[in-house]
Amino acid sequence: MVEIKTDEALAAMREAGRVVGRALAAVQEAAAVGVTLQELDGVARDVLAGAGATSPFLGYRPSFAPIPFPAVICASVNDAVVHGIPDGYRLRDGDLVSIDCGAVLDGWAGDAAISFTVGTPDPADLALIETTRQALDAGIAAAVVGNRVGDISHAIGGVARAARRGLPADLGGHGIGRRMHEEPHVANTGRPRRGFRLQHGLVLAIEPMLMAGGRDDYRVDPDGWTLRTTDGSRAAHIEHTVAITEDGPRILTLP
Ligand code: MG
Ligand code: MG
């Protein structure tokens with residue numbers, strides 16, 4: 001079932017989203033050559049705790065997962081696409097890092113992700129990140145009253161395919177509210193004018209994840225969580241929680 005939020009709920013979700021945006025900004029600020037992924041997780045934990053928010057990631061255990069997720073961020077480096085577990089890995093010069101973070105505040109969830117480079121960037125990585133950002137922007141621009149979920153999927157996929165990037169076949173965005181993952185699923189590629197009709201009060205996490213090599217398949221690490229490209233190419237992932245409103249799409253996860 002798709003839950004439509006009241007304006008009061010949208011305001012509360014903006015506050016939850018703001019915590020996510022602040023946590024991501026703090027993590028990017030702290031990320032540097034030599035810093036460990038666990039240290040970045042600690043930065044996000046401090047922001048959440050300071051805001052009185054909890055993490056919907058910590059302890060999360062969907063059916064596919066062998067262990068509950070042990071952190072408040074996903075940290076996916078280079079060929080890792082999404083769901084990387086923050087560990088003792090020390091960031092190296094030129095790494096491409098994707099950080100996904102969620103927060104629950106006053107019972108409402110926010111979910112967002114950023115991708116950035118550490119140290120001296122490879123221009124190819126900057127181009128991949130830029131295309132991913134354009135795909136997200138196109139998806140958000142399509143998140144208007146009267147469109148359908150398929151219009152968002154089509155917009156994202158169009159940008160990715162024009163740049164010959166891969167899209168993990170079955171992964172995408174989702175409705176969000178009191179729970180981090182709600183209906184509807186928001187595929188990152190698809191046909192326009194299909195799916196749930198967008199209306200004021202629908203809130204979606206829109207999250208293109210692009211793989212540089214152009215393949216759509218991926219593999220799962222032995223940890224059961226981390227998804228990686230099969231060709232070793234790098235991936236980027238950018239996400240916002242977005243409310244569909246009569247006044248246009250409202251991004252809830254800006255700092
Ligand atoms: Mg996320
Ligand atoms: Mg999400």
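Order of appearance sets the numbers: ligands from 1, and atoms from 1 within every ligand. Worth knowing before you read on, the calculation uses all heavy atoms, side chains too, and leaves out hydrogens, waters and symmetry mates.
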In the hydrophobic cluster built from side-chain contacts under 4.5 Å, what are the other members alongside Met1? none

Examine distances only and state if a side-chain atom of Asp95 and a backbone atom of Arg92 form a donor-acceptor pair shorter than 3.5 Å. yes

Do any pairs count as a side chain to side chain donor-acceptor pair (under 3.5 Å) and have a residue in residues 156-173, sequence neighbours left out, and if so which ones? Arg161-Asp216, Asp170-Tyr218

When Glu182, Glu183, His185, Glu207 are each screened for side chain to side chain donor-acceptor pair (under 3.5 Å) with His174, the one that passes is Glu207

With a cut-off of 2.8 Å, strictly less than, protein N/O/S atoms near the Mg ion (ligand 2) add up to 4

Could you tell me whether a side-chain N or O of Ser115 sits under 3.5 Å from a main-chain N or O of His237, the two making a donor and an acceptor? yes

Among residues two or more places apart or on two chains, list those pairs meeting side chain to side chain donor-acceptor pair (under 3.5 Å) that have a residue in residues 53-76. Tyr60-His181

